[in-house]
A.B. asks: 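This is the structure I want to talk about, given as structure tokens.
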Amino acid sequence: MMMTDTLSERSALVTGSTSGIGLGIAKALAASGANVVLNGFGDVDAALAEVSAVARGGRVLYAGADLRKPEEIETMMQTVRQELGELDVLVNNAGIQHVAPVEEFPVEKWDDVMAINLTSAFHTTRLALPGMRAKNWGRIVNVASVHGLVASANKSAYVAAKHGLVGLTKVTALETAKTRVTCNAICPGWVLTPLVEAQVEARALRDGADRDTAKDALVSEKQPSGEFVTPEQLAKLVLFLCSDAGDQVRGVAWNLDGGWVAQ
Ligand code: NAD
């Protein structure tokens, strides 16, 4: 319980938090007392309601920004500063997937994956760091993937972006090493979110299988546990990294993946 109390009066931004893993992380931060800013597309009101329902004293706000657009990221970061002051916790979580062989990969999809999964984290980090340095406290958590550590066929943009995000994490950790700002990456295996539902559906179509069979086949192929990771488990890892116990965890790419990368 002590760990969950440490975030009251902290302010956090979670990108891509209207859905899936980001929503789970936003809820955990709010339940730990932090002010939380949500970002992302889709049903914003539902996400705000879900996070507000578990908030323990902190504010829950929304800052819309299309993370493909640096100028919208700048506006989002200014809005956050105006509302809550300097950020304490930055979770770069937004991400998209596109599956196709390299030679057929749509160029505009490559650009979108790079912009959302990698470049947006550069922009939020460069804009949040001066405030964290001024306070001499901060936590930057980049939601990478096992695909930041190993590859799978047909995911060139995603694997390149996530490896890049792990690289950005390490550099940021080194540049902040003498401060109380830390930067780390977490690397989930399969998590059953809308991003993965699309891949389950594609597999069901390909194999002529029902959804459940396709889902089991998808998870078992790469993940020895045969079970999905949950947003709640990932959120607890984020809370640990945000705690005092996380002070000397710097520049890691921490996989939570049912054994995927152990193979
Ligand atoms: P999701 O599709 O449920 O959520 C993605 C979020 O990003 C949504 O809130 C969406 O609105 C937002 N988003 C997408 N494009 C955006 C844009 N241009 N601007 C602003 N927001 C945008 O996906 P998820 O599975 O929860 O994925 C979250 C992160 O976790 C991603 O970075 C993903 O790569 C990573 N990840 C997911 C899995 C998995 O198995 N689901 C595994 C490893 C890593």
A.B. asks: Which pair of heavy atoms, one from Thr176 and one from Leu129, lies closest together, and at what distance?
C.D. replies: CG2-CD2, 3.7 Å
A.B. asks: So, the side chain of Gln233 versus the backbone of Thr230: is there a donor-acceptor pair under 3.5 Å, distance only?
C.D. replies: yes
A.B. asks: Using 0.5 Å steps for rounding, measure from the CG atom of Leu29 to the CZ atom of Arg139.
C.D. replies: 12.5 Å
A.B. asks: Could you tell me whether the side chain of Trp190 and the main chain of Leu218 form a donor-acceptor pair under 3.5 Å?
C.D. replies: yes
A.B. asks: Tell me, with the steps shown, if Leu165 and Leu118 meet side chain to side chain contact (heavy atoms under 4.5 Å, CB included).
C.D. replies: CA-CA 6 Å; Leu165 187 57; Leu118 175 58; 4.2 Å; yes
A.B. asks: Arg133: what forms a salt bridge (Lys or Arg N to Asp or Glu O under 4.0 Å) with it, not counting sequence neighbours?
C.D. replies: none
A.B. asks: Do Ile73 and Leu87 land in one hydrophobic cluster if side-chain heavy atoms of ILVMFWY residues count as linked below 4.5 Å?
C.D. replies: yes
A.B. asks: Atom CG in Asp244, atom CZ in Arg180: separation rounded to 0.5 Å?
C.D. replies: 6.0 Å
A.B. asks: Is it true that, when you exclude Glu9 itself, more than 12 heavy atoms of the residues, nucleotides or ligands shown sit nearer than 6.0 Å to its CD?
C.D. replies: no
A.B. asks: If hydrophobic clusters are built by linking Ile, Leu, Val, Met, Phe, Trp and Tyr wherever their side-chain heavy atoms come under 4.5 Å apart, do Val200 and Val99 end up in the same one?
C.D. replies: no
A.B. asks: Taking only residues two or more places apart in sequence, or in another chain, which ones meet Glu83 in a salt bridge (Lys or Arg N to Asp or Glu O under 4.0 Å)?
C.D. replies: Arg59
A.B. asks: Verify, without hydrogens or angle tests, whether Asp257 (side chain) and Pro188 (backbone) share a donor-acceptor contact under 3.5 angstrom.
C.D. replies: no
A.B. asks: Ignoring hydrogens and geometry, is there a side-chain-to-backbone donor-acceptor pair from Asp66 to Arg68 under 3.5 Å?
C.D. replies: yes
A.B. asks: State yes or no: do Leu127 and Leu61 share one hydrophobic cluster built from I, L, V, M, F, W and Y residues joined by side-chain heavy-atom distances below 4.5 Å, directly or via other members?
C.D. replies: yes
A.B. asks: Does Ile96 share a hydrophobic cluster with Leu168, counting links as ILVMFWY side-chain heavy atoms below 4.5 Å and allowing steps through other members?
C.D. replies: no
A.B. asks: How long is the gap from OG1 on Thr15 to CD1 on Ile116, to the nearest 0.5 Å?
C.D. replies: 10.0 Å
A.B. asks: Going by heavy atoms in the side chains, are Val261 and Cys187 under 4.5 Å from each other?
C.D. replies: no
A.B. asks: With side chains defined as the heavy atoms from C-beta onward, is the minimum distance between Ile186 and Val238 less than 4.5 Å?
C.D. replies: yes
A.B. asks: Same cluster or not: are Val166 and Val181 linked, directly or through other Ile, Leu, Val, Met, Phe, Trp or Tyr residues, by side-chain heavy atoms under 4.5 angstrom apart?
C.D. replies: no
A.B. asks: With a 4.5 Å heavy-atom cut-off, do Arg56 and Ser8 have their side chains touching?
C.D. replies: no
A.B. asks: Write down the atom of Glu227, the atom of Gln223, and the distance for their closest heavy-atom approach.
C.D. replies: O-NE2, 2.7 Å
A.B. asks: Once you round to the nearest 0.5 Å, how far does OG1 of Thr182 lie from CD1 of Ile140?
C.D. replies: 8.0 Å
A.B. asks: Report yes if the side chains of Lys170 and Leu174 come closer than 4.5 Å at any heavy-atom pair, otherwise no.
C.D. replies: no
A.B. asks: Looking only at non-hydrogen atoms, find the nearest pair between Gly40 and Tyr62 and report the distance.
C.D. replies: O-OH, 2.6 Å
A.B. asks: Would the distance check show the side chain of Thr18 and the main-chain N or O of Phe41 forming a donor-acceptor pair, the cut-off being under 3.5 Å?
C.D. replies: yes
A.B. asks: Please tell me if the side chains of Ile25 and Ser17 come closer than 4.5 Å, counting only heavy atoms from C-beta onward.
C.D. replies: no
A.B. asks: Heavy-atom distance under 4.5 Å between the side chains of Tyr158 and Asn117, does that happen here?
C.D. replies: yes
A.B. asks: To the nearest 0.5 Å, tell me how far Glu74 CD sits from Thr79 OG1.
C.D. replies: 11.5 Å
A.B. asks: Rounded to the nearest 0.5 Å, how far apart are CG of Leu241 and CG of Asp247?
C.D. replies: 11.0 Å
A.B. asks: Do the side chain of Asn35 and the main chain of Gly58 share a donor and acceptor less than 3.5 angstrom apart?
C.D. replies: no
A.B. asks: Would you check if Trp137 and Val89 make a side-chain contact, meaning some heavy-atom pair closer than 4.5 Å?
C.D. replies: yes
A.B. asks: Is there a side-chain contact between Leu7 and Cys242 (heavy atoms, below 4.5 Å)?
C.D. replies: yes
A.B. asks: Residues two or more places apart in sequence or in another chain: which of them pass salt bridge (Lys or Arg N to Asp or Glu O under 4.0 Å) with Glu175?
C.D. replies: none
A.B. asks: Which pair of non-hydrogen atoms, one from Ala121 and one from Thr124, has the smallest distance, and what is that distance?
C.D. replies: O-OG1, 3.2 Å
A.B. asks: Test Glu197 against every option in Lys215, Arg203, Arg211 by the salt bridge (charged side-chain N to carboxylate O under 4.0 Å, His left out) rule and name the one that passes.
C.D. replies: Arg211
A.B. asks: Taking all non-hydrogen atoms of both residues into account, name the closest pair between Met114 and Ala160 and its distance.
C.D. replies: CE-CB, 3.6 Å
A.B. asks: Which heavy atom in Val159 sits nearest to a heavy atom in Ser152, and how many Å separate them?
C.D. replies: CG2-N, 4.0 Å
